[in-house]
K.L.:
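A single structure is presented below for examination.
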Amino acid sequence: MRSFSTLKFRMLFSYVLGALLALAAAAFLLRRFFERQAAGELGGSVALVLALSAVLVLALGWLVVLLIGRQFGEIVTGSKRFASGDFGYRIPVGSSGELKKLSETLNYMAEEIGLKMREAELRRLELEAAFRDMSEAILVTDGSGIITRINPRARQLMGVKGFDPEGVRLSGMPGGPELSSAAIKALSSGKPVSFEIEPSAAPGTVLAVSASPIIEEGAVRGCVLVARDITGPRKLEAMRRDFVANVSHELKTPLTAIRGCAETLLNGAMEDKEHGPGFARSICEQAVRLDSLVDDLLKISYAESGRAVLERAPVDLKALADETAGGLAPILAKKKISFLNLVPAGLTVSADKDKLSQVLINLLDNAAKYNREGGEIKLSAASEGGRVKVSVEDTGSGIPAAHLPRIFERFYRADKARSRELGGTGLGLSIVKHLVEMHGGSTGVESAEGRGSSFWFTLPE
């Protein structure tokens, strides 16, 4: 404002000085003229006119200065408001002249800057939301390894609770040493680095970490760390490897037996009426085992594919249990196992009857195979809060507690030798789990060594 006040003063001074000089020159010339004409009284009148003209010129000059000064003041006020971030303000536009063009230009500039600022704020909010809600852990450090930004996922993985980690050195954070090593490599080398770690703050979690340096004018100013949780994919890879290994082993065992028996028969045992039929019988048994294995593999593959369609209908559980147990009568009779159907009469569930029958067959078959001679199997069911819980209890040797968490995994056997001896494929319980989950239910087991086992599943009513 001081500079513009000075400008107004200079303009006023210029106008006054010009008016005085003009009046002085005019008075001098007229006085000389009237002196020559010897018109004394007329000269006084002219002097009065000149004085009035001078006053008028001064008044007009002062008015012009005031108008221009006011417009300059409005421009200064508007410029200050623009500088403070008030881009919604508009400078009043004068009637004409260069000041009008200046006001219009400043207003247009403010409108454009306001639009750019709103767009930048929107982008900032979008990036902030993405930074906050990303499943990857992201943190930013400065050139000395001090955290400047960190998202919630990174806080969780690093075990940060109860304090703000921004401004703290990364190496001093809980769970930070592993990440700090990545940041140090990126900051020292100026090149991106990546590797996998298992943070001490989250045991059992595998992270894929990448660190990229922030380079400005050739100097490393900081580092961006991104950590992605790959525990799930790594577990799936391990399960796939185990599955391939287990399938290979399960197929190789009967195939080796079949090949050995066939070669023995071809080498002359076919003519041996005493031992020949035994080799042929072994080939048949191993072929049946292979058929069961392939059949179970197809069932579980179909259940996991998502292509299986449930044909739901009301199913009488008691009747289905009797029907299933009837198909297992030879096995039950051979081991003198009694079967008790304790399902209440009239209890129904909405389910696919064929798939539910497979579930019961697998559970009852296992209960019979791993039961003791002269044992007992109880099948019971009860309605619990809109769901039906079905339990199959046996009086076998039970399952050690260490095996219970993995009992429903494919090819997992608590007693591998006994399972193969009894002809199990290791897929029955996995099939049960998938078929039950297709119905929206869940599975579980309760067991203790020497006290038998109780396998259960739930289904919507």
Side-chain angles (χ1 to χ4, degrees), residues 292 295-296 299-300 302-303 308-399 404 407-408 414 422 424-425 427-448 450-461:
S292 298
D295 186 51
D296 283 350
K299 286 178 182 177
I300 197 168
Y302 186 65
V309 179
L310 294 178
E311 298 180 1
R312 290 182 181 271
V315 178
D316 187 315
L317 275 177
K318 190 175 184 67
L320 183 61
D322 284 332
E323 181 182 331
T324 305
L328 297 172
I331 299 175
L332 299 175
K334 183 178 180 180
K335 296 184 69 173
K336 299 178 182 178
I337 296 172
S338 60
F339 172 72
L340 298 178
N341 185 352
L342 304 179
V343 178
L347 181 60
T348 62
V349 292
S350 177
D352 186 311
K353 184 177 180 180
D354 291 338
K355 292 179 175 56
L356 183 55
S357 178
Q358 290 181 34
V359 170
L360 291 178
I361 287 173
N362 282 326
L363 292 179
L364 292 175
D365 184 58
N366 279 352
K369 284 179 179 177
Y370 298 103
N371 214 327
R372 59 181 172 80
E373 191 83 16
E376 185 179 71
I377 297 175
K378 294 180 182 178
L379 194 151
S380 59
S383 180
E384 299 178 356
R387 306 181 78 80
V388 174
K389 182 177 181 179
V390 182
S391 300
V392 177
E393 301 177 50
D394 64 59
T395 54
S397 58
I399 303 169
L404 294 179
I407 201 67
F408 286 94
L422 296 172
T425 64
L427 294 170
L429 291 178
S430 184
I431 293 172
V432 167
K433 182 175 182 292
H434 283 286
L435 292 179
V436 170
E437 288 178 351
M438 282 178 62
H439 284 81
S442 58
T443 57
V445 59
E446 297 168 4
S447 184
R451 297 184 181 179
S453 304
S454 175
F455 285 87
W456 56 265
F457 64 90
T458 63
L459 293 174
E461 286 191 78

K.L.:
Looking only at atom types and distance, does a side-chain atom of D394 sit under 3.5 Å from a main-chain N or O of I377, one as donor and one as acceptor?
P.N.:
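No: the side chain of D394 does not pair with the backbone of I377.
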K.L.:
As an exercise, state the distance from CD of Q358 to OG1 of T324, rounded to the nearest 0.5 Å.
P.N.:
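With rounding to 0.5 Å, CD (Q358) is 10.5 Å from OG1 (T324).
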K.L.:
Going from CG on L340 to CG on L379, what distance comes out if it is rounded to the nearest 0.5 angstrom?
P.N.:
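Going from CG on L340 over to CG on L379, the span is 10.0 Å.
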K.L.:
So, do F455 and N366 sit near enough that their side-chain heavy atoms are less than 4.5 Å apart?
P.N.:
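No - every pair of side-chain heavy atoms lies 4.5 Å or more apart.
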K.L.:
At their closest point, which heavy atom of A351 faces which heavy atom of V315, and how far apart are they?
P.N.:
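Shortest heavy-atom contact: O-CG2, 3.6 Å.
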K.L.:
Atom CG of L332 and atom CG of L364: how far apart are they, to the nearest 0.5 Å?
P.N.:
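Answer for the CG-CG pair, L332 versus L364, is 8.0 Å.
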K.L.:
Does K353 offer a backbone N or O that forms a donor-acceptor pair with the side chain of S357 under 3.5 Å?
P.N.:
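Checking the backbone N and O of K353 against the side chain of S357, no donor-acceptor pair under 3.5 Å is found.
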K.L.:
Quick one: does S447's side chain have a donor or acceptor within less than 3.5 Å of a partner on G452's backbone?
P.N.:
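Answer holds: yes.
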K.L.:
Using a 6.0 Å cut-off, check whether atom CD of E311 has over 12 heavy atoms from anything other than its own residue.
P.N.:
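No - once you tally the heavy atoms of other residues, nucleotides and ligands closer than 6.0 Å, there are 12 at most.
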K.L.:
Taking atom NZ of K378 as the centre, does the number of heavy atoms from other residues, nucleotides or ligands within less than 6.0 Å exceed 12?
P.N.:
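Atom NZ in K378 is not packed in, count stays at 12 or less.
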K.L.:
With a 3.5 Å distance limit and no angle check, can you tell me whether S391 reaches the backbone of S380 through a side-chain donor-acceptor pair?
P.N.:
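No, because the side chain of S391 does not come within donor-acceptor range (under 3.5 Å) of the backbone of S380.
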K.L.:
Could you grab the distance from atom CG of D352 to atom CG of L459, nearest 0.5 Å is fine?
P.N.:
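One finds 11.0 Å between CG of D352 and CG of L459.
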K.L.:
Taking atom CZ of R451 as the centre, does the number of heavy atoms from other residues, nucleotides or ligands within less than 6.0 Å exceed 12?
P.N.:
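It does not: R451 CZ has 12 such atoms or fewer within range.
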K.L.:
Counting N and O atoms only, with roles assigned by atom type, does the side chain of K335 sit under 3.5 Å from a partner on the main chain of A368, one being a donor and the other an acceptor?
P.N.:
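Pair found, side chain donor or acceptor close to backbone of A368.
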K.L.:
Given side chains that start at C-beta, do those of N371 and T395 come closer than 4.5 Å, heavy atoms only?
P.N.:
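N371 reaches T395 side chain to side chain.
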K.L.:
Any side-chain donor-acceptor pair under 3.5 Å between D322 and N341?
P.N.:
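Present: a donor and an acceptor within the cut-off.
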K.L.:
Once rounded to the nearest 0.5 Å, what's the spacing between atom CG of L360 and atom CG of L317?
P.N.:
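Rounded to the nearest 0.5 Å, the CG-CG separation comes to 7.5 Å.
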